[in-house]
Amino acid sequence: MIRPQLNSITRLARAGALEQAWTTFHAAGLSPQSDDPDVLTVYGRLLKDRAAGESGAAREELLNRAITAYERASALSHATYPLINAATLAYVAGRHEAAVALANAVMTLLDDPLRAAETPYWIDATRAEALLLLGRTQDAERMLRQAIGHQPEAWEDHASTLRQFAMILAEAGRPADWLDRHRPASPLYFEGILGLAADDAQAARTIAGAVDALAPSMVIGALAAGADILVAEAAIEAGRQLHVVLPCPAELFRAASVDPFGPAWADRFDALMGRAVSVREMDDWQPLSNASVEVSRQAAMGLALCEAKRLQSSARALQIVGRGEEGGGDMAGWEALGLRLDRLALERSNAAQVALSPEAEVVALIAVPESLPFHFGGDATLLVGQEGQHAYGQSSLADAAHRAAALRGGHPEARLALDYRALADTQDGRWDRALMIAAADLEGAVALSESAALALALHAPEANVQPMGDIRTASGDLALYGLFP
């Protein structure tokens, strides 16, 4: 029974949900005094991740506790995985002699026929890490290349190894640019024009060629008729993952952005939705508008950035525009982060277009207890008060997040939330999602909607945003995130 719980905790930690992972660890009744090596390994992992967000004496204490847990786990299991983690953490903690001794112990254990079984990838990746700790950089890279060759698409495993290598090289003050040769393929955000005929073979070939050249690990975007669907089809054909981010419920999006262009596009939309690894809807009820499309675009870009961070890679973007026309949406935020943007110009082969409502606006909504003695400045506007909460609207998501975090710091008991959505009428009740999220009462954090959490990766990439699972509402489960200090 304990193994599924440990697997769940590890998945949470890998997803960046460290606070939720800790909560799950304690709720499961797991203890650092356990004699189960798997429990100790997971405990060491959580301590290591927490140490990454600390400095000074707090960081040193966490690292030392993690090293102890990993060493005990290896002694109990005869496994190399916890031992190499102990060695690397000893090195980044400044205990270089101990790290070298542990790295040599890893090398010995790797050759021991009685050691715990590991996959071919982890055997060679562990040897590569030990070699790096011993100062044998060229041998380490050769072994890393061999490890990746065993499982070329085990991207999360590669990312974990690269993260360890980066820590070692940073502590040693040695160049780390060679790691770029071994990073997982980049996640690709995509967006494109609607004006393409369903039988435009030339456009399909051109887009497929661009996707093949970029060779992404996954593609992330919407599925409007035209270039969007062609990118998604090319990615699926190449064996890449498809993650769909829609501005509104799928049936409303299909009715507005797919059906008007003919049944061929509608059938292809349905097929892609069935093959997508994930589908996210940024709004639970509103029809399509220019503002809701913009929220969805920013969220999809943010998801690409989050996936790149998880994979220790770098996100890219592909924007397909009409030949001789200005680019589609504004990509200034993307380019300001120094990220690669490829633009592809195509002749429009279908004159049909979709007119979206221009009336709605993109708004960051902050839910604040009505009793809190605080007033937002700038362009923040009090929209409504209900059930003991005030909802403020503001145009800048980054500013709203900064204000909410500062307010949380001064009032740690307050239930605060931040939503990001299209709003046409301040009295239409659509601020209620912020109130539902605030009711989750996340300890030590501002509660975020998924649209706010993903878009913050674009607007404030330094923010400590973590997934916190789902909350149940009358209209279904709602993804919950936390903004931590």
Side-chain angles (χ1 to χ4, degrees), residues 151-156 158-159 183-251 253-259 261-282 293 296-297 299-308 310-311 313-321 328 340-344 346 349-350 454:
Q151 295 174 267
E153 294 192 2
W155 297 318
E156 285 197 0
H158 303 173
R183 295 193 185 282
S186 298
L188 179 70
Y189 165 74
F190 67 90
E191 62 177 45
I193 55 175
L194 291 162
L196 297 175
D199 60 354
D200 190 334
Q202 179 59 46
R205 284 193 298 271
T206 302
I207 287 175
V211 172
D212 285 344
L214 290 167
S217 55
M218 64 189 72
V219 297
I220 301 168
L223 289 178
D228 283 359
I229 285 179
L230 292 178
V231 171
E233 288 176 337
I236 291 289
E237 180 66 24
R240 311 301 180 183
Q241 294 182 359
L242 170 63
H243 296 266
V244 178
V245 181
L246 300 177
C248 59
E251 62 273 16
F253 182 84
R254 186 183 190 272
S257 296
V258 182
D259 291 346
F261 297 90
W265 284 122
D267 290 343
R268 291 158 77 174
F269 172 87
D270 292 341
L272 288 169
M273 287 288 284
R275 300 189 67 179
V277 172
S278 70
V279 176
R280 291 172 169 83
E281 298 170 349
M282 293 298 103
V293 167
S296 179
R297 288 181 69 245
M301 287 186 236
L303 179 58
L305 294 173
C306 291
E307 288 295 321
R310 182 176 66 86
L311 296 178
S313 185
S314 177
R316 296 179 177 179
L318 174 62
Q319 186 182 51
I320 300 165
V321 301
R340 175 171 170 174
L341 168 63
D342 288 84
R343 282 195 174 94
L344 180 64
L346 296 177
S349 51
N350 185 341
L454 294 178

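Given the structure is predicted, the values throughout are model-derived calculations rather than measurements.
In this structure a side-chain-to-backbone donor-acceptor pair under 3.5 Å is missing from E191 to G221. The main-chain N or O of S314 is found under 3.5 Å from a side-chain atom of S186 such that the two form a donor-acceptor pair. Under the 3.5 Å distance criterion, the side-chain polar atoms of H158 are matched with a main-chain donor or acceptor of Q151.
Note that the OG atom of S217 and the CD atom of E153 stand 9.5 Å from one another [nearest 0.5 Å]. The distance from the CG atom of D259 to the CZ atom of F253 is 11.0 Å, given to the nearest 0.5 Å. Atoms CG and CG, on L214 and D342 in that order, are 5.0 Å from each other to the nearest 0.5 Å. Atom CD1 of I229 sits about 10.0 Å away from atom CG of D267, to the nearest 0.5 Å. With rounding to the nearest 0.5 Å, the separation of CG in L303 from NE2 in H243 is 7.0 Å. Taken from CG in L223 to CG in L272, the straight-line distance is 5.5 Å, to the nearest 0.5 Å.
Proximity of I207 to E233: side-chain heavy atoms (C-beta onward) are nowhere separated by under 4.5 Å. Between M282 and L246 the shortest side-chain heavy-atom distance does not fall below 4.5 Å. Residues V211 and E237 fail the side-chain proximity criterion, which asks for heavy atoms closer than 4.5 Å.
Shortest non-hydrogen contact noted between A227 and G192 is CB-CA, 3.7 Å. Here the closest heavy-atom approach between residue P187 and residue I220 is recorded as CB-CD1, 4.5 Å. Heavy-atom minimum distance, E281 versus A250: OE2-N, 3.1 Å. For W155 against A185, the heavy-atom pair with the smallest separation is NE1-N, 4.4 Å. Among all heavy-atom pairs drawn from A234 and A208, the shortest one is CB-CA, 3.7 Å. Nearest approach of L318 to L188, heavy atoms of both residues: N-CD1, 3.7 Å.
Residues satisfying the side-chain contact (heavy atoms from CB on, under 4.5 Å) test with A276, not counting sequence neighbours, are L242, V244, V279.
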Criterion salt bridge (charged side-chain N to carboxylate O under 4.0 Å, His left out) on E251 and R254, from CA distance to verdict: CA-CA 5 Å; E251 62 273 16; R254 186 183 190 272; over 6 Å; no
V277 and M218: CA distance, side-chain angles, deciding distance, side-chain contact (heavy atoms from CB on, under 4.5 Å) verdict: CA-CA 10 Å; V277 172; M218 64 189 72; over 6 Å; no
